[in-house]
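None of the values given here were measured: they were computed from a predicted structure.
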Amino acid sequence: MTLAGKVALVTGGGAGIGAATSRLLAERGAAVLVADLNEAAAAGTVDTIRGAGGRAAAFRMDVAEAAQAAAAVKEAEQQFGPLDIAVCNAGITDRIPALEMTREAFERILRTNLTGCFLSAQAAARAMVAHGLGGRIVTLASVSGQFGGTGRAAYGASKGGIINLTRVLAMEWAEHDILVNCVAPGPTQIARTAHGPRQRSAFLSRMALKRYADAVDIAGGIAFLCSEDAGFVTGHVLNVDGGFAAAGVLYDPAEGA
């Protein structure tokens with residue numbers, strides 16, 4: 001599953017899933033612009049990629065600013081050539097009861113996660129349309145966008161919005177040979193995952209694979225959707241969740257009814 005000769009933009013590439021994705025795309029041959037609000041983190045990812053013999057550059061980007069999304073695409077193309085791949089990964093999280101959430105807190109999550117995803121995808125697609133070469137866009141949602149979870153009013157709404165946004169963009173941009181798909185991770189062990197024992201137990205109780213994902217597990221699904229192997233896949237939501245979405249009631253029948 002080679003990506004040799006491809007040019008990719010990864011938002012939120014400084015840490016977690018974004019960093020793992022940037023490294024994997026580069027390992028498979030793509031040149032990667034690692035965009036992140038934290039430029040030092042992006043530079044750290046780039047150093048790792050270059051140290052392994054890959055091609056990458058760092059770029060400071062606030063995904064919720066349209067001008068910065070356009071600038072990131074322009075930078076990727078100036079550095080490496082026409083853009084082939086965009087991974088709209090940047091996002092922030094919260095866990096606030098709905099009765100306690102302020103409007104500002106709610107809008108902050110949506111601005112970064114949903115608006116930021118749209119602006120990044122739009123900027124990438126505009127370049128892809130201009131070049132007439134098609135492309136791959138992968139968005140990042142979450143199982144929190146598919147189920148009702150406590151404390152997830154803003155985060156869940158943003159990720160549910162990304163799922164529908166992905167399907168709309170896939171329909172609109174198919175005529176340009178731009179395939180738009182979504183990865184919905186389950187619980188993933190990254191630096192900003194701060195689940196306590198009760199929360200971990202709640203997740204693991206409905207997972208067939210009794211562990212949290214590593215960031216590289218999610219990156220593998222993203223890389224597949226960026227590849228030629230997924231050339232007839234668009235508008236799809238790929239759950240990389242250890243069986244979370246497939247689960248019903250899980251218990252040991254040996255324990256009785």
Side-chain angles (χ1 to χ4, degrees), residues 3 6-52 54-93 108-128 130-131 135-141 158 162 165-166 169 178 180-183 185 190-192 215-216 218-219 222-223 225-226:
L3 296 173
K6 301 297 184 181
V7 175
L9 165 66
V10 179
T11 70
I17 292 169
T21 299
S22 298
R23 293 192 300 267
L24 185 57
L25 297 185
E27 180 184 311
R28 294 187 177 173
V32 183
L33 186 77
V34 181
D36 202 289
L37 188 61
N38 184 336
E39 191 171 10
T45 300
V46 168
D47 287 345
T48 301
I49 291 171
R50 289 177 176 172
R55 300 171 65 207
F59 187 80
R60 186 186 184 281
M61 175 187 181
D62 180 345
V63 293
E65 296 292 339
Q68 293 189 34
V73 171
K74 182 177 180 180
E75 180 71 12
E77 297 200 324
Q78 287 180 339
Q79 291 267 359
F80 305 118
L83 187 71
D84 301 290
I85 295 165
V87 180
C88 305
N89 164 77
I92 55 177
T93 189
R108 172 175 168 266
I109 297 293
L110 265 69
R111 180 178 182 274
T112 298
N113 295 2
L114 182 53
T115 302
C117 178
F118 169 69
L119 293 174
S120 300
Q122 182 189 56
R126 284 173 170 167
M128 292 170 181
H131 297 309
R136 302 283 193 275
I137 296 175
V138 181
T139 65
L140 268 290
S158 73
I162 287 171
L165 173 65
T166 299
L169 300 183
I178 299 171
V180 189
N181 292 290
C182 179
V183 168
I190 56 177
R192 65 184 175 88
V216 71
I218 313 303
I222 295 168
L225 292 172
C226 292

Are Leu140 and Ile218 close enough, and set up right, to give a side chain to side chain contact (heavy atoms under 4.5 Å, CB included), and what steps lead you there?
CA-CA 10 Å; Leu140 268 290; Ile218 313 303; 4.3 Å; yes
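- Of all heavy-atom pairs between Ala72 and Leu33, the closest is O-CD2, 3.2 Å.
- From Ile137, atom CD1 reaches atom CD of Gln122 across 10.0 Å, with rounding to the nearest 0.5 Å.
- The line from CD of Glu75 to CZ of Phe80 is 8.5 Å long, rounded to the nearest 0.5 Å.
- Summarising the geometry of Asp36 relative to Ala42, their closest heavy-atom pair is CB-CB, 4.0 Å, with the distance given to 0.1 Å.
- A side-chain donor-acceptor contact under 3.5 Å links Asn89 to the backbone of Gly12.
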Counting only pairs under 3.5 Å, give me each side-chain donor-acceptor contact of residues 58-66, with atom names and distances, residues two or more places apart or in other chains.
| from | atom 1 | to | atom 2 | distance (Å) |
| --- | --- | --- | --- | --- |
| Asp62 | OD1 | Ala64 | N | 3.0 |
| Glu65 | OE2 | Arg111 | NH2 | 2.7 |

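- The two residues Ala86 and Ala124 have their closest heavy-atom pair at CB-CB, 3.5 Å.
- Val7 is not listed as a side-chain neighbour of Glu77, based on a closest heavy-atom distance of 4.5 Å or more.
- In this structure, the separation between CZ on Arg136 and CG on Asp84 is 9.0 Å, given to the nearest 0.5 Å.
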Between Ile92 and Ile109, does a side chain to side chain contact (heavy atoms under 4.5 Å, CB included) hold up when you go through it step by step?
CA-CA 6 Å; Ile92 55 177; Ile109 297 293; 3.7 Å; yes
In a table with atom names and distances, give each donor-acceptor pair under 3.5 Å that connects a side chain of residues 18-26 to protein atoms at least two apart or in another chain.
| from | atom 1 | to | atom 2 | distance (Å) |
| --- | --- | --- | --- | --- |
| Thr21 | OG1 | Ile17 | O | 2.8 |
| Ser22 | OG | Gly18 | O | 2.9 |

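- A 6.0 Å sphere centred on CZ of Arg108 holds no more than 12 heavy atoms belonging to other residues, nucleotides or ligands.
- For the pairing with Ser158, the side-chain hydrogen bond (donor to acceptor under 3.5 Å, both in side chains) check across Thr93, Asn113, Thr112 returns one residue only, Asn113.
- Closest approach of Ser120 and Cys88 over heavy atoms only: CB-SG, 3.8 Å.
- Note that the NZ atom of Lys74 and the CG atom of Leu9 stand 15.0 Å from one another [nearest 0.5 Å].
- Side chain to side chain, Thr139 and Thr166 meet the donor-acceptor criterion of an N or O pair below 3.5 Å.
- One distance of note links CG of Asn181 with CG of Leu225; it measures 5.0 Å at 0.5 Å rounding.
- Residue Arg28 comes nearest to Ala223 through the heavy atom pair NH1-CB, 3.4 Å, listed as atom of the first residue, atom of the second, then distance.
- Rounding to the nearest 0.5 angstrom, the gap separating the CD atom in Gln79 from the CZ atom in Arg55 is 9.0 Å.
- Minimum interatomic distance between Pro185 and Val183 (heavy atoms only, all atoms of both residues): CD-O, 3.3 Å.
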